[in-house]
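Step one of this worksheet: look at the structure below.
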Amino acid sequence: MESYGLMLKKAREEKELSLEDAARVTNISIRYLKALEEEDEKVFPGEPYLYGFLKNYAEFLGLNSSMVCVLCKNKKIQEANVPVELLLTSRRSFGIRFLLWGIVLAAFAAGAVFAVFKMKNSFAQKNATVVETAEEVHHYRLSDNTFSKRLYKGDKILVPLESGDIELTVAGTLHSLKIDFPSGRHQIELAEEQAVSLDDRMENEILIYVSDISVRDESRGAEVSMILRGVSTENSSDENVDASAIELLKVEKGHKVLLSDTRAYPFSINASFRASCIFRSTVDSGEISEAYYTSGEIVTMTPKNGVRLWISNGSAVRLQMIANGRSVNLDVASGGQVLVHDIKWIKDTDGLYKIVVIDVD
């Protein structure tokens, strides 16, 4: 059987990365990365941690994470202890063996009788459990376009849209989160971020992130964050942007241009957190907001002119800009890097308005 640990180590060495480099970028402890490469599953406090770290590490190294997880599961199955009774060779006399078989058959008969009564009781309890579960279904409504809850199978989430409310149903929380949309069922893996369109015109979509889910016990549910994103151009054109506050600036080599247009309009910045960090922001030169965020949390800002961001760990945050029906993902920094960025409208010397990213010293 192919060694998944050797595969991870080889991929890392091919990228000329040390374990320290990989830990800094992935925010996974060196101890756990080393355990993955050495296939030492005992280091991890539980299987969700093992497979969650394994999936993230494999994706970071550019490997097929599903295949690597399958190799790990196959290894655990092959290394499972064989029952001792299958390995022992009986040296008892024929009389003792006959006596043992008699005891086994008697125990089997008694077990069969017990199983019949157990099945009857279990059937009654099962019916009672179904009723109880139905009563425990929770109903939620996305307020302020954001949502962060531990969800369980059967839970309902109402998503308010201008065209009418849409109801989502949690169809499963084992191994992966399964949610039924009007368009069909979607599956989101642990530590995966997925955007799902809510209408045919692609004007609204919901971003879903799973930060914790069990691979053994579905009753534990899943820790889920959601954010509703409207990308329609109709609302943005009705809002005024203070053109006098837009800086006249020639785009230089160090500036990253996200969007260019003949006019300026409000845009959105979504910050989704993959690890813990301190995040500070100020929108349109207003009041400064600062907080400590952890994996799975999401922050949305809607500036008219611009926003300044201060991030204590660049790799812990994934940024996305949405404006005029277009979205751009921002790769802002490497692991452990502290950064300060302005993301704002400027008016270039060519007469066009542009949303740019500018490093701030």
Between [X] and [Y], which heavy-atom pair has the shortest distance, and what is it?
{"X": "Leu142", "Y": "Val159", "value": "CD1-CG2, 4.4 Å"}
{"X": "His255", "Y": "Ile358", "value": "CD2-CG1, 3.8 Å"}
{"X": "Asp342", "Y": "Arg308", "value": "OD1-NE, 2.7 Å"}
{"X": "Phe267", "Y": "Trp345", "value": "CD2-NE1, 3.6 Å"}
{"X": "Glu189", "Y": "Ser176", "value": "OE1-CB, 3.5 Å"}
{"X": "Ala23", "Y": "Ser29", "value": "CB-C, 4.5 Å"}

Any side-chain heavy atom of [X] within less than 4.5 Å of one from [Y]?
{"X": "Cys72", "Y": "Leu50", "value": "yes"}
{"X": "Ile157", "Y": "Val170", "value": "yes"}
{"X": "Ile311", "Y": "Cys277", "value": "yes"}

Are the charged groups of [X] and [Y] less than 4.0 angstrom apart, N to O?
{"X": "Arg216", "Y": "Glu47", "result": "yes"}
{"X": "Glu38", "Y": "Lys9", "result": "no"}
{"X": "Asp180", "Y": "Arg185", "result": "yes"}
{"X": "Lys250", "Y": "Asp350", "result": "no"}
{"X": "Arg280", "Y": "Glu290", "result": "yes"}
{"X": "Asp217", "Y": "Arg220", "result": "no"}
{"X": "Lys34", "Y": "Asp40", "result": "no"}
{"X": "Glu59", "Y": "Lys55", "result": "yes"}
{"X": "Lys149", "Y": "Glu223", "result": "no"}
{"X": "Asp165", "Y": "Arg141", "result": "yes"}

Using 0.5 Å steps for rounding, measure from the [atom1] atom of [X] to the [atom2] atom of [Y].
{"X": "Thr26", "Y": "Arg274", "atom1": "OG1", "atom2": "CZ", "result": "11.0 Å"}
{"X": "Phe60", "Y": "Ser315", "atom1": "CZ", "atom2": "OG", "result": "9.5 Å"}
{"X": "Leu190", "Y": "Tyr51", "atom1": "CG", "atom2": "OH", "result": "12.5 Å"}
{"X": "Tyr57", "Y": "Leu63", "atom1": "OH", "atom2": "CG", "result": "9.5 Å"}

We want to know whether [X] and [Y] form a side-chain donor-acceptor pair, criterion being a heavy-atom distance below 3.5 angstrom.
{"X": "Ser272", "Y": "Asn270", "answer": "no"}
{"X": "Glu218", "Y": "Tyr152", "answer": "no"}
{"X": "Ser260", "Y": "Lys354", "answer": "no"}

Would Ile355 end up clustered with Val257 when hydrophobic side chains under 4.5 Å apart are linked, directly or stepwise?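 Not linked; separate clusters.
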For the side chain of [X] and the backbone of [Y], is there at least one donor-acceptor N/O pair under 3.5 Å apart?
{"X": "Ser295", "Y": "Ala275", "answer": "no"}
{"X": "Asp284", "Y": "Lys304", "answer": "yes"}
{"X": "Asn64", "Y": "Met67", "answer": "yes"}

Test side chain to side chain donor-acceptor pair (under 3.5 Å) on Thr282 and Glu287; report intermediate values, then the result. CA-CA 6 Å; Thr282 174; Glu287 183 178 352; over 6 Å; no
Looking only at the aromatic ring of each residue, does the gap between the centers of Phe279 and Tyr292 stay below 6.0 angstrom?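 No, ring centres 6.0 Å or more apart.
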Taking the six-membered ring for Trp, are Phe44 and Tyr49 closer than 6.0 Å centroid to centroid?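 Not close enough - the centres of the two rings lie 6.0 Å or further apart.
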Considering the options Glu37, Lys10, Glu39, Lys75, which one meets the side chain to side chain donor-acceptor pair (under 3.5 Å) requirement together with Ser3?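 Between Ser3 and the candidates, side chain to side chain donor-acceptor pair (under 3.5 Å) is satisfied uniquely by Glu39.
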